[in-house]
Asks: 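A single structure is presented below for examination.
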Amino acid sequence: MMHFTSVQDVPDLQQLVDAALAYKADPYKDENLGKRKRIGMLFLNPSMRTRLSTQVAAQQLGMEAVVFNVGSEGWALEFEEEAIMSGTTVEHVKDAAPIMGKYFDILCIRTFPSLKNKEDDYSELYIRQFMKYAGIPIVSLESATLHPLQSLTDIITMQEYMRQPSKAAAFSGRKPKVVLTWAPHVKPLPQCVANSFAQWVNAWGEADFVITHPEDYELSEAFTKGARIEYNQEEALKDADFVYVKNWSTFTDYGKIYNNDPEWMLTNEKLALTNEARVMHCLPVRRNVELSDEILDGPNSLVTTQAGNRVWAAQAVLASILRAK
Ligand SMILES: NCCC[C@H](NC(=O)CCC(=O)O)C(=O)O
Ligand SMILES: NC(=O)OP(=O)(O)O
């Protein structure tokens, strides 16, 4: 694998999932693969899980990780071609990225969308410019429209759950029902986790996949095509095996909050409609707004296992890039 910015960069999804689970079983089996290699991790926005799990993954491959909070500590970067830089940006990505390409073997970037201009966000300008100018493999740590390390983890977590000896019979010969449900939030949030989850579940191809959200919260069909859209949350939840909870702001009329109905928050009463579904969320989560305490602290929550699996996803991705270099 050359870069990791979406599922389209992955030559074999199942192989990547299996590689991640093999690292979970034996974390140090490739401890010299990344010896004397270095990853740079650029953060234009905050992160806890992605930052720490990717650092741990790099260390387990023998790599050194250098973290740079470029958003708060670096020179303000310009991304537009032919910009006249008389405003607040100090350094062009076409000057900065090739230098990072000299310092590092792999460059990882977190960059959220503005949620102001759909065309700019959905063109993935920041990631594209780093790919164009750094000259080394680029890994998305969540970009304007996608969060592939999260989605890989999500597929790993569902497959791991289904493969448990006590569960295998229940899932044999049928596809799990996977429901992505919109949840309320106080702020307009990116669509990336939801876009990316939809893209990866569709690419996996092994789920009966339903997306439920209020009307006017449609995501881009570029990612959701293949899923069934159901506006009635309770109908969608029926017999679900996995429920993935996430808020996103509106896509069509971009970056707005149209609905904040607390009725959309998942509760034990709604969970009773499912097939004892496991509940997933990428975290961070606003308790009792997006997801209730009773779900997060209850036996059906997979969120800690899911966040723990971020390490193995990152390790499989970094190893695949190291092997291709
Ligand atoms: N990296 C995981 C999620 C990041 C982001 N959440 C947030 O910004 C939450 C902010 C808040 O709750 O105020 C999102 O939804 O895409
Ligand atoms: N889920 C996730 O990406 O978490 P962080 O934003 O803390 O990295």
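Every number for a ligand or one of its atoms is a count from 1 in the order of the listing.
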Asks: Which bit of Leu283 is near ligand 2, meaning a heavy atom under 4.0 Å away: side chain, backbone, both or neither?
Replies: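 It is the backbone that touches ligand 2; the side chain stays farther off.
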Asks: Counting non-hydrogen protein atoms only, what is the nearest one to atom 4 (O) of ligand 2? Give residue, atom name and distance.
Replies: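 Ranking protein heavy atoms by distance from atom 4 (O) of ligand 2, first comes Arg49 NE, 2.9 Å.
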Asks: Select the closest option to atom 13 (O) of ligand 1 among His185, Arg286, Glu142, Gln150, judged by heavy-atom distance.
Replies: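 The option holding the nearest heavy atom is Arg286.
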Asks: Can the ring centres of His281 and Tyr244 be said to be less than 6.0 Å apart?
Replies: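 Between His281 and Tyr244, the centre distance exceeds or equals 6.0 Å.
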Asks: Does the structure place the NZ or CZ of Lys29 under 6.0 Å from the centre of the six-membered ring of Tyr23, at an angle of no more than 45° from the ring's axis?
Replies: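 Yes, Lys29 sits over the ring of Tyr23.
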Asks: Roughly how far apart are Ser151 OG and Leu149 CG, rounded to 0.5 Å?
Replies: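 Taking OG in Ser151 and CG in Leu149, the distance rounds to 8.5 Å.
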Asks: Has Phe68 got more than 12 heavy atoms of other residues, nucleotides or ligands less than 6.0 Å from its CZ?
Replies: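 Counting other residues, nucleotides and ligands, CZ of Phe68 exceeds 12 neighbours.
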Asks: May I ask you to identify the nearest protein heavy atom to atom 15 (O) of ligand 1, giving residue, atom name and distance to one decimal place in Å?
Replies: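 The protein heavy atom lying closest is Lys246 NZ, 2.7 Å.
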Asks: Contact between Met48 and ligand 1, counting heavy atoms under 4.0 Å?
Replies: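 No, that is not the case, since the closest heavy atom of the residue is not under 4.0 Å from the ligand.
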Asks: Just to verify, which of Gln55, Glu142, Gln150, Arg110 counts as forming a side-chain hydrogen bond (donor to acceptor under 3.5 Å, both in side chains) with Thr50?
Replies: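 Only one option passes, and that is Arg110.
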Asks: Give the atoms of ligand 2, by number and element, whose distance to some non-hydrogen atom of Arg310 is under 4.0 Å.
Replies: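 Contacts of ligand 2 toward Arg310, numbered from 1: 1 (N), 2 (C), 3 (O).
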Asks: When only distance counts, is His147 in polar contact with ligand 2, meaning an N/O pair under 3.5 Å?
Replies: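 By distance alone, the answer is yes.
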Asks: Given Met48, Arg110, Glu142, which has its nearest heavy atom closest to atom 6 (O) of ligand 2?
Replies: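 Looking at heavy atoms only, Arg110 sits closest to atom 6 (O) of ligand 2.
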Asks: Quick one: side-chain hydrogen bond (donor to acceptor under 3.5 Å, both in side chains) pairs with a partner in residues 84-101, sequence neighbours left out?
Replies: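 Found Glu78-Thr89, Glu81-Lys94.
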Asks: So if I count the atoms of ligand 1 from 1 in the order they appear, which ones are less than 4.0 Å from some heavy atom of Pro190?
Replies: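 Per the distance check, 14 (C), 15 (O), 16 (O).
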Asks: Please confirm whether the backbone N or O of Leu61 pairs with a side-chain atom of Asp30, one donor and one acceptor, at under 3.5 Å?
Replies: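 Checking the backbone N and O of Leu61 against the side chain of Asp30, no donor-acceptor pair under 3.5 Å is found.
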Asks: Please go through Met48's hydrophobic cluster and name the other residues, only I, L, V, M, F, W, Y counting, with side-chain heavy atoms under 4.5 Å joining them.
Replies: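 Direct or chained contacts put Met48 with Leu52.
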Asks: Starting from atom 8 (O) of ligand 1, which protein heavy atom do you reach first, and at what distance in Å?
Replies: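 For this ligand atom, the closest protein heavy atom is Leu189 CD2, 3.8 Å.
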Asks: Counting only nitrogen or oxygen atoms and a 3.5 angstrom limit, does Pro46 reach ligand 2?
Replies: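 For ligand 2, there is no N or O atom that lies under 3.5 Å from one belonging to Pro46.
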Asks: For atom 10 (C) of ligand 1, which protein heavy atom lies nearest, and how many Å away is it?
Replies: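 The closest one turns out to be Lys187 NZ, 3.5 Å.
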Asks: Below 4.0 angstrom from a heavy atom of Arg110, which ligand 1 atoms are there? Numbered from 1 as shown, please.
Replies: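 Matching atoms, with element in brackets: 1 (N).
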Asks: Quick check: does Cys282 get an N/O under 3.5 Å from an N/O on ligand 2?
Replies: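 In this structure, Cys282 places an N or O atom under 3.5 Å from an N or O of ligand 2.
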Asks: For the residue pair Glu218 and Tyr231, confirm or rule out a side-chain donor-acceptor distance under 3.5 Å.
Replies: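 On atom types as modelled, these side chains qualify, holding a pair under 3.5 Å.
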Asks: Quick one, Met2 and Asp9 - any side-chain contact, counting heavy atoms below 4.5 Å?
Replies: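 No - every pair of side-chain heavy atoms lies 4.5 Å or more apart.
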Asks: Could you establish whether Leu283 and ligand 1 come within less than 4.0 Å of each other, counting only heavy atoms on the residue side?
Replies: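 Contact check Leu283 vs ligand 1: positive.
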